[in-house]
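Quick notes on the structure that follows.
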Protein chains: 2
Amino acid sequence: MKAEQLDVRPREPVAPRKATRLGRHGRVRAVIENVRPEVDGGRYPVKRVVGETVWVEADAFAEGHDTLVCRLRFRHESETDWIETDMIALGNDRWGAQFPVERLGRYRYTVTAWVDPFLSWRSDFSRRTDPADIEVAARVGSVIVAKTANRALPSDATLLREAGQFLARATDPVELRHAALSAETAALVARYPDRRQAATYEKELAVTVDRSRARFSTWYEMFPRSASPQAGRHGTFADCEERLPYIASMGFDVLYLPPIHPIGRTGRKGRNNTLAAAPDDVGSPWAIGARDEENEGGHKSIHPELGTLEDFRRLLEQARSHGIEVAIDIAFQCSPDHPYVAKHPEWFRARPDGTIQYAENPPKKYQDIYPIDFGSTAWPALWEELESVFEFWISQGVRIFRVDNPHTKPFAFWEWAIGAIKARHPDAIFLSEAFTRPKVMHRLAKLGFSQSYTYYTWRNTKQELTDYFTELCRGEGREYFRPNVWPNTPDILTAMLQNGGRPAFSARLLLAATLAASYGIYGPAYELLEHEAREPGSEEYLNSEKYEIKHWDLERADSLRDLISRVNAARRDNPALQNDWSLMFLAMNNEQLIAYRKSTPDLSNVVVVVVNLDTRHPQAGWLDLDIEALGIDPAAAYEMRDALSSERYFWNGRRNFVRLDPGMGHVLCLQRAPQPAGRA
Amino acid sequence: MKAEQLDVRPREPVAPRKATRLGRHGRVRAVIENVRPEVDGGRYPVKRVVGETVWVEADAFAEGHDTLVCRLRFRHESETDWIETDMIALGNDRWGAQFPVERLGRYRYTVTAWVDPFLSWRSDFSRRTDPADIEVAARVGSVIVAKTANRALPSDATLLREAGQFLARATDPVELRHAALSAETAALVARYPDRRQAATYEKELAVTVDRSRARFSTWYEMFPRSASPQAGRHGTFADCEERLPYIASMGFDVLYLPPIHPIGRTGRKGRNNTLAAAPDDVGSPWAIGARDEENEGGHKSIHPELGTLEDFRRLLEQARSHGIEVAIDIAFQCSPDHPYVAKHPEWFRARPDGTIQYAENPPKKYQDIYPIDFGSTAWPALWEELESVFEFWISQGVRIFRVDNPHTKPFAFWEWAIGAIKARHPDAIFLSEAFTRPKVMHRLAKLGFSQSYTYYTWRNTKQELTDYFTELCRGEGREYFRPNVWPNTPDILTAMLQNGGRPAFSARLLLAATLAASYGIYGPAYELLEHEAREPGSEEYLNSEKYEIKHWDLERADSLRDLISRVNAARRDNPALQNDWSLMFLAMNNEQLIAYRKSTPDLSNVVVVVVNLDTRHPQAGWLDLDIEALGIDPAAAYEMRDALSSERYFWNGRRNFVRLDPGMGHVLCLQRAPQPAGRA
């Protein structure tokens with residue numbers, strides 16, 4: 001299907017069904033409103049992963065005092081029939097129910113409700129005391145029951161007619177009362193509700209269901225060209241294969257490679273982003289260019305020194321055997337050497353002098369990069385070509401894409417492209433690398449990105465972390481914005497890491513890995529504590545790997561490798577750490593100690609994390625745990641086992657003492673069968 | 001227009017305009033979302049009165065870093081052209097602007113925004129430092145300016161062309177910079193924006209504009225049949241005329257009369273709601289019936305003992321001359337004698353034995369009342385007839401309707417009927433008498449009722465009052481739900497009034513009159529401290545006026561008349577007390593003393609109210625006033641004048657001492673030119 005033919009308009013909610021329109025006879029109809037979850041009035045889907053549930057609430061009510069029946073309806077988009085489940089009255093005209101999402105793709109849900117004549121009559125009847133009234137009311141009920149019989153299967157119809165006839169003829173108030181309130185009759189009638197006047201919520205809301213890795217993932221970013229064990233040599237995909245056991249041993253399950261395409265020569269940047277590249281400078285992988293003078297390069301091509309497409313596919317396969325999935329970087333921009341520039345000059349913005357405008361954000365200039373003009377008059381062909389880049393890599397076996405700077409391209413492009421790709425490949429995962437204004441980041445998440453970079457990178461204090469993660473895990477955005485938090489990236493070496501030493505690296509890692517279900521590090525820079533900035537005040541690395549090949553000594557004694565392995569093992573072993581929504585901050589009487597807990601919905605797995613944010617001094621304090629909510633006996637000791645140190649702590653009651661060295665933490669797993677004896 | 005032909009479906013928001021759809025060339029387009037105020041996604045209008053403004057906010061942003069222009073559009077529904085006003089950037093991609101509503105009826109508003117190429121270019125240009133860049137950028141700018149000239153009026157076009165040519169040819173960076181950033185050129189270009197890619201919010205939102213009495217009104221409910229100065233005589237409209245000076249002297253501006261129609265004889269209730277009426281029992285005015293055996297009665301008819309239609313019209317006129325508007329009670333229900341019953345049996349629900357079902361809420365029975373079956377198959381004729389009841393009284397000069405129990409009739413009926421009437425008579429005001437579940441009350445307010453009864457009647461403690469009025473004045477419902485608060489009604493004599501003595505009557509009156517811009521009392525029962533319940537635990541009055549004629553001694557020495565007059569005069573003299581939204585509770589270190597302030601938007605009028613909720617003991621405490629926000633010099637004394645006692649208090653700083661007798665209060669008006677000397 002061509003983009004030109006596609007309807008690139010945003011998906012509108014299904015045409016309103018007039019939930020409140022009068023029926024043919026103006027009968028009482030239910031009102032259904034304020035349905036949650038609902039993103040922007042149903043304009044965007046919420047997100048779940050396979051195996052989760054969607055808890056739906058709605059206000060439903062009608063004029064007067066009649067009894068309502070309220071049902072949640074849901075279906076996978078590929079099915080036409082709705083499945084229904086009764087909603088429970090939560091009080092104040094609010095109703096709730098949940099449904100499971102078991103298949104990839106998209107589900108739809110909505111709410112239907114009707115005033116039930118039988119239940120309304122029965123409720124009135126139960127309050128009647130006057131014998132004369134009871135008889136008249138029984139006659140009224142007999143008509144309702146008889147009408148129900150007309151909708152029933154033959155065997156039920158017979159029973160219903162009998163019940164109706166009794167109500168129509170009997171005179172003894174006690175017998176009538178017994179018959180009117182009979183549970184058997186109520187159950188029979190409930191099978192055949194009169195739904196001609198049912199109101200259905202005016203929108204069919206949607207859920208995008210991803211695979212579980214969209215919610216829980218542990219990323220390792222690595223430049224393949226630096227993967228050679230030999231200094232000075234350009235790394236290859238084969239070298240990356242050799243590196244896999246190291247990465248797997250640390251517990252990562254996504255290996256993210258910066259762009260693997262040929263790098264342009266025109267305007268190539270030298271080391272430390274200098275304008276004049278030396279002949280042996282390798283350039284930035286984000287300046288995607290030509291393979292060489294003869295062969296075409298571009299976004300579907302592989303940098304010749306990394307290897308071949310076959311080598312790449314073998315890396316994917318080898319990674320898979322280590323439980324690792326390879327994610328690639330999609331950066332829609334071109335070096336001046338990119339084949340698009342010669343073949344499709346109409347896809348770039350020309351300046352009045354006829355030259356193409358390189359990327360800039362005055363006074364910054366990116367002479368090695370031409371931005372693509374998404375608003376080109378030739379946009380349909382351009383958009384199709386760009387979408388085909390994803391398709392190409394999907395055909396090679398890639399299913400995870402980290403998308404570079406999506407916020408500088410049209411929202412409509414992403415909504416169309418991701419929508420089209422996910423319709424064909426519902427297992428595809430897209431990570432939005434947009435460090436920009438909050439509403440733009442949210443918009444990208446709403447329109448389809450599976451995960452999003454966050455401001456975690458710059459949230460350091462207890463208050464900042466508490467506020468930010470409360471917003472992420474409790475705010476309305478949680479329905480569509482899945483955080484993927486990074487303590488560093490090749491572009492961002494924070495002041496905290498520059499100045500905080502090893503304790504800063506340790507604390508920032510522990511926080512990322514336990515606050516969020518998805519996190520990543522840029523390695524080996526991270527585990528090797530790379531912390532020198534290009535210049536004071538800059539967040540750029542000195543001798544940044546973006547512009548040169550680095551050689552890393554992975555066996556260095558000060559490597560954080562062991563800590564990373566332990567925390568990632570804790571993540572793997574504790575389902576509590578595999579979700580974002582259960583995060584709850586705990587009171588702790590020390591501003592340098594941050595404490596929180598995460599859990600599974602059934603509380604069978606509870607993890608309490610405490611991190612010392614102070615990078616220079618040990619800190620101690622009293623932690624307050626809500627043991628009542630966790631079902632812990634306040635009179636008995638309970639065991640907390642530290643997943644980092646394997647130590648066992650026996651705690652008592654709500655308040656317990658914690659002491660931590662600079663930047664260190666506890667990842668304490670509640671042991672549900674506490675040992676009777678042990679250290680205090 | 002017949003109801004049958006009317007489209008009784010709820011008004012849907014205007015069809016989405018695809019605010020985010022790509023333009024012809026896929027250019028960057030603004031996203032507009034999260035527009036406020038907006039009720040239920042634009043399904044219902046917000047409410048204002050003539051002379052108010054509507055402050056509108058919206059999120060507006062686009063991908064990338066271009067500069068946006070954002071405008072608020074508004075128009076009276078009778079106009080076709082939009083008026084536009086620039087919105088101000090409030091930070092975090094939020095924009096705001098306001099518009100005045102100067103005419104009755106309905107206004108529409110929406111938001112439009114576009115990426116402005118000139119402003120984007122200018123912003124980039126201002127950050128450029130490289131001379132070569134400046135020249136190229138100037139050439140780019142010259143094209144934008146030249147294109148603008150093509151849209152301009154001739155004189156402006158000439159100037160723009162000159163500016164464009166300069167940018168196209170000059171080479172000196174300093175001169176180019178000066179020309180590019182020229183304020184004159186910017187102002188010229190701003191007159192002719194390129195709006196081809198403008199995005200407009202997908203909905204046109206609505207404001208219902210009422211007259212000011214919809215927001216600020218002071219109600220006095222009175223049974224006209226008890227208005228005779230002579231005990232034992234049936235009161236008349238003429239007696240009501242005699243009562244007007246008394247009502248006006250207390251400062252009321254709405255006189256609300258319970259139903260003035262003939263009362264049915266069949267099933268008529270006796271005194272204290274007894275089943276068997278004595279021959280001389282007058283019955284409940286809500287049991288609307290026949291005039292007499294020969295003459296037709298019903299909802300367009302007047303109780304013969306009250307007078308004639310001419311008498312009624314003269315009462316309206318006399319009331320007007322006292323600054324009082326008469327409100328009547330519309331209770332859509334019938335006594336068995338009502339002419340509808342004989343003429344239109346199809347408008348009532350028959351029981352299996354053929355009799356009509358009287359009103360009941362088991363075990364309660366209302367044998368004197370038949371409910372109307374709004375779901376009758378003959379509903380179109382029924383609905384039209386009921387709507388014509390309003391039209392009839394409007395033709396007599398009535399514009400305020402207190403609607404009895406609207407929550408037991410279909411929402412769709414009210415939305416249609418009120419919508420139709422207000423389209424013809426935008427000065428009509430409808431008060432919803434629904435004491436029911438919160439969401440039902442809100443729905444009635446959303447669909448068109450101008451004012452609503454509230455739970456104030458049962459909110460007694462400082463915490464209850466603070467919570468409830470914070471919800472009313474700060475919650476989202478404030479956009480459509482205008483509270484009208486009543487300390488008593490003929491149906492509700494609260495335990496507080498039964499047991500609290502005169503201090504309870506005083507406190508409940510002061511609170512009602514100063515917490516809400518609209519309030520009312522049922523008199524003379526209120527000012528004469530009527531407080532005996534029919535039986536313990538009941539909220540019904542003993543010897544309720546609903547079932548008999550009362551004779552009131554208005555001159556009784558213990559009447560609250562003087563206090564009522566003073567507080568209503570304070571309401572009239574202080575615009576601060578004429579709005580709901582400015583209410584702010586003030587800290588006070590005594591749980592029995594409640595304190596709050598209200599103000600005009602410009603703070604020229606500020607009123608601080610303190611009420612002693614304790615009906616038995618004097619209470620004292622320190623009140624905390626936010627003098628900084630009010631622009632009061634913390635170093636100088638300021639005068640607070642009590643509108644109740646006329647006493648002057650000279651206060652200093654934030655904290656001041658207050659002492660009040662049981663149930664008493666201060667209504668303290670800040671004097672903006674404080675006197676230098678006086679009592680402390």
Side-chain angles (χ1 to χ4, degrees), chain A residues 8-10 12 16 18 20-23 25-29 31 33-34 40-41 59 61-65 92-93 124-130 133 136 139-140 142-143 168 351-353 360-363 365 374-377 379 383 406-413 415 437-440 443, chain B residues 8-10 12 16 18 20-23 25-29 31 33-34 40-41 59 61-65 92-93 124-130 133 136 139-140 142-143 168 351-353 360-363 365 374-377 379 383 406-413 415 437-440 443:
Chain A
V8 293
R9 289 171 305 173
E12 300 299 333
K18 285 85 189 176
T20 57
R21 183 166 55 172
L22 277 188
H25 303 317
R27 288 202 184 282
V28 173
R29 292 188 44 123
V31 170
E33 54 183 31
N34 200 16
D40 288 6
D59 292 344
F61 55 91
E63 57 264 24
H65 306 284
N92 191 20
D93 293 321
D124 272 1
F125 198 101
S126 70
R127 284 175 286 134
R128 290 185 189 279
T129 48
D130 180 332
D133 276 1
V136 177
R139 306 303 181 242
V140 173
S142 77
V143 177
R351 302 195 287 190
D353 63 0
E360 53 172 2
N361 184 13
K365 299 177 182 186
F374 281 76
S376 153
T377 51
W379 68 270
W383 288 25
H407 58 291
T408 59
K409 287 95 188 171
F411 296 125
F413 169 75
E415 187 163 18
R437 289 125 61 213
K439 284 167 188 169
V440 174
R443 181 83 180 188
Chain B
V8 294
R9 290 172 304 173
E12 300 298 334
K18 286 86 193 176
T20 56
R21 180 167 56 172
L22 277 186
H25 303 317
R27 288 203 184 280
V28 174
R29 293 190 41 124
V31 169
E33 55 184 30
N34 200 15
D40 288 6
D59 292 343
F61 54 90
E63 56 262 25
H65 307 283
N92 192 20
D93 292 321
D124 272 1
F125 197 101
S126 69
R127 283 175 285 134
R128 291 185 188 279
T129 47
D130 181 331
D133 275 1
V136 176
R139 305 302 183 243
V140 172
S142 77
V143 176
R351 301 196 287 190
D353 63 0
E360 53 172 2
N361 184 14
K365 300 177 182 185
F374 282 77
S376 154
T377 51
W379 69 270
W383 288 26
H407 58 291
T408 58
K409 287 94 191 171
F411 297 126
F413 168 75
E415 187 163 17
R437 290 123 62 212
K439 282 166 190 170
V440 174
R443 182 81 176 188

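Convention: sequence-line order gives letters A, B, ...; per-chain numbering from 1. Since we're looking at a predicted model, the values are computed, not measured.
- For the residue pair B:Pro410 and A:Glu63, the shortest heavy atom distance occurs at CA-OE2, 2.8 Å.
- When each of A:Asp133, A:Asp130, A:Thr129, A:Thr408 is checked for heavy-atom pairs under 4.5 Å with chain B, A:Asp133 comes out on top.
- For the pair A:Arg128/B:Glu360, a side-chain contact is recorded, criterion being any heavy-atom separation below 4.5 Å from C-beta on.
- To the nearest 0.5 Å, atom NZ of residue A:Lys439 and atom CG of residue B:Asp59 are 3.5 Å apart.
- Chain A forms more heavy-atom pairs under 4.5 Å with one residue of B:Asp353, B:Asn92, B:Asp40, B:Asn34 than with any other, namely B:Asn92.
- Among the candidates A:His407, A:Arg437, A:Arg139, the residue making the largest number of heavy-atom pairs closer than 4.5 Å to chain B is A:Arg437.
- Counting only heavy atoms from C-beta outward, the side chains of A:Phe411 and B:Arg29 never approach each other to under 4.5 Å.
- A:Lys365 touches chain B through its side chain: at least one heavy atom from C-beta onward sits under 4.5 Å away, while N, CA, C and O do not.
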